[in-house]
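These values consider heavy atoms only, across backbone and side chains, with no hydrogens, waters or symmetry-generated copies. Below, chains carry the letters A, B, ... as their sequence lines are ordered, and counting in each starts from 1. Given the structure is predicted, the values throughout are model-derived calculations rather than measurements.
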Amino acid sequence: MFEAKLQQGVIFKKIVDAIKDLVKSVNIDASTSGLSMQAMDSAHVALVSLKLNENGFKDYRCDRPITLGLSIENLSKILKCAGNDDTITLQTDEEEPSSLKFFFENQQASKISEFSLNLMSLDSESLGIPDTDYSSVIQMSSAEFSRICKELSSISETVEIETSKESVKFSVQGDIGAGSITVKNNQSDKDVDRVDLQIDQPVKLTFALRYLNMFNKAVSLSSTVSLNMSEENPLMVEYKIDDLGSLRFYLAPKISD
Amino acid sequence: LRSQLHIENYYRLE
């Protein structure tokens, strides 16, 4: 028996919205400790990793580990039928399920919707990501990071991110010209202005803005985002989801030919 | 010119 009930179903809707442009189908692994998912985009440039802890669910039960292979597009179609204030319950009682049941219930418990989503058998292409001590970690407003990426993507396809002890600089160079946005360390009380820089070693890395813009679809999951970088390593962009877990995106850098 | 690397260049398949 597997059953997971989310009090704030809207979080699940937002997670699926955030990844649906990046990945088409995923294996969700359910275990006693919670749900996890890892998937690469079709070009194998980026990777998304989701971890939801059992403690963050209103009810959670998973008697034995199961893998749920599903189409994100089809999942998204079903989740459109859930209201933003609804609870969402995922359920299956089969050992090797061919479908996953969904229950959506509104706050007054006056409306209950029930759906079943056909599951797929997908090759598992899980990558081992070691725990990494990143040499530059930036925590800032997710909305502000999203804005910077969006603005710069009209000038260039790539952005160079350069950190120093005091600031992080986002630079672009395109056909029409060049520019940069520098964000300084700022210990403001307001989330929107706050910028935390933990720089052990400065880094200078270049990334495709198209992917960063896709990651930023997760902006509504968390008011802050953390950018984790080490020289010659993928960027890890993390959105923490309150008590529930985290959504991480990894992006391979671009290198000079 | 810059080349886009693949994520598998960094993390191994499990």
If you define the side chain from C-beta out and look only at heavy atoms, does anything of A:Met40 sit under 4.5 Å from B:Ile7?
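Yes, close enough: below the 4.5 Å cut-off.
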
Are any non-hydrogen side-chain atoms of A:Pro130 and B:Tyr10 less than 4.5 angstrom apart?
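Side chain of A:Pro130 against side chain of B:Tyr10, heavy atoms only: no contact under 4.5 Å found.
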
Over all heavy atoms of both residues, which pair between B:Gln4 and A:Ala208 is shortest? Give the atoms and the distance, please.
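The answer is OE1-CB, 3.9 Å.
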
If you round to the nearest 0.5 Å, how far is [atom2] of [Y] from [atom1] of [X]?
X	Y	atom1	atom2	result
A:Leu47	B:His6	CG	NE2	13.0 Å
A:Leu127	B:Arg12	CG	CZ	11.0 Å
A:Ile255	B:Asn9	CD1	CG	8.0 Å

If you draw a 6.0 Å radius around [atom1] in [X], do more than 12 non-hydrogen atoms from other residues or ligands fall strictly inside?
X	atom1	answer
A:Glu54	CD	yes
A:Glu94	CD	yes
A:Lys20	NZ	yes
A:Glu231	CD	yes

Taking the six-membered ring for Trp and the full ring for Phe, Tyr or His, determine whether the centres of A:Tyr250 and B:Tyr11 are under 6.0 Å apart.
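Centroid distance A:Tyr250-B:Tyr11: below 6.0 Å, so yes.
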
For A:Thr206, which atoms come within 4.5 Å of any heavy atom of chain B: side chain, backbone, both, or neither?
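Just its side chain gets close to chain B.
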
Strictly less than 4.5 Å between heavy atoms, which residues of residues 141-164 of chain A line up against chain B? Please order them by number.
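The residues closer than 4.5 Å to chain B, in numerical order, are A:Glu160.
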
